[in-house]
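In what follows, a single structure is set out as structure tokens and then discussed.
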Amino acid sequence: IHTAIRDNTRITFRYFDYNVRKERVYRHGGALYEVSPFALCWDDENYYLVAYDHTASPPGIRHYRVDKMANLSVLEESRLGKATFECFDMAQYAKQMFGMFGGAQQDVELRFAARLAGVVLDRFGKEVTLLPDGGSFFRVHVQAVVSPQFMGWVAGFGTDAKLLGPPAVVREYTAFCREMLAQYE
């Protein structure tokens, strides 16, 4: 990966998960992924490749756990996506990924207990605006990757956090909470 980044070339690899028998199960039927690697980052005790995937729909930035990549090869073809990475903020991307699980990045509005201001600033950066809401709460508009990990993060604050919008994300979150609760009924 370092060689491809240094030489400005693409790579191919097969990507896998594990099943309950601890066997590799290759995604996309074992087909090769072809991406343009731009950076490696460390998150939650794992290395991730951050790359431009020109074959995705839509094409764009994706990430892959390095330890789940197999049969990696460096190609001679030049990397794609240079313009995308020129305005890319790696630190902000890592914050938004919530443990590097995928999902749609969206503008969301949240309400938190005032005592959680530091937690919110740590997660979303000091540039976000905290809007007072009723003395002991504040609201914030942030870009977040809406995924089960994000929803679990919000749920972890109990009644000290509330997802306010957009409506489609609120519906997705309430469905997530109902599914979690249903397994205990």
CG of L163 to CZ of F150: how many Å apart, nearest 0.5 Å?
-> 5.5 Å
Roughly how far, to the nearest 0.5 Å, is CZ of F16 from CE of M69?
-> 10.0 Å
Is the closest side-chain heavy-atom distance between V35 and R62 below 4.5 Å?
-> no
Value rounded to 0.5 Å, distance of CG in D160 from CZ in R115 = 4.0 Å
Decide yes or no for F38 and F88: does some side-chain heavy atom of the first lie under 4.5 Å from some side-chain heavy atom of the second?
-> no
Taken to the nearest 0.5 Å, the spacing of W153 CH2 from L110 CG works out to 6.5 Å
Taking all non-hydrogen atoms of both residues into account, name the closest pair between T84 and Y52 and its distance.
-> OG1-CE1, 3.6 Å
Evaluation steps, side-chain contact (heavy atoms from CB on, under 4.5 Å), between F157 and V119 | CA-CA 11 Å; F157 296 111; V119 173; 3.6 Å; yes
How close do V50 and C41 get, heavy atom to heavy atom, and via which atoms?
-> CG2-SG, 4.0 Å
Check whether any side-chain heavy atom of H141 lies under 4.5 Å from a side-chain heavy atom of D107, and answer yes or no.
-> yes
Check the hydrophobic clustering (I, L, V, M, F, W, Y; side-chain heavy atoms under 4.5 Å; chains of links allowed) and say if F112 and L164 are grouped together.
-> no
I11 CD1 to L72 CG distance, which is reported to the nearest 0.5 Å = 4.5 Å
Rounded to the nearest 0.5 Å, how far apart are CG of L116 and CZ of R123?
-> 13.0 Å
Contacts satisfying salt bridge (charged side-chain N to carboxylate O under 4.0 Å, His left out) that involve residues 170-185 (not counting sequence neighbours) are none
When hydrophobic residues are tied together by side-chain contacts of less than 4.5 Å, even through go-betweens, does Y47 share a cluster with L49?
-> yes
pair M151-V146: side-chain heavy atoms closer than 4.5 Å = yes
Same cluster (ILVMFWY, side-chain, under 4.5 Å), L131 and L121 = no
Closest heavy-atom pair and its distance - F138, A114 | CD2-CA, 3.8 Å
Side chain to side chain donor-acceptor pair (under 3.5 Å) pairs, two or more places apart, involving residues 66-82 | N8-R79, R14-N71, R65-D67
Heavy-atom distance under 4.5 Å between the side chains of F85 and I61, does that happen here?
-> yes
Y64 vs D53 side-chain heavy atoms within contact, under 4.5 Å = yes
Between V66 and L40, is any pair of side-chain heavy atoms under 4.5 Å apart?
-> yes
Between P37 and A51, the two heavy atoms sitting closest are CA-CB, 3.9 Å
Any chance the side chains of Y15 and H28 put a donor and an acceptor closer than 3.5 Å?
-> no
Determine yes or no for a side-chain-to-main-chain donor-acceptor pair under 3.5 angstrom, with D133 supplying the side chain and F137 the backbone.
-> no
Report the C-alpha separation of L75 and T9 in whole Å, then their side-chain angles, then the decisive distance to 0.1 Å, and conclude whether the side-chain contact (heavy atoms from CB on, under 4.5 Å) test is met.
-> CA-CA 6 Å; L75 304 177; T9 58; 5.6 Å; no
Determine whether V108 and V142 make a side-chain contact, defined as any pair of heavy atoms from C-beta on separated by less than 4.5 Å.
-> yes
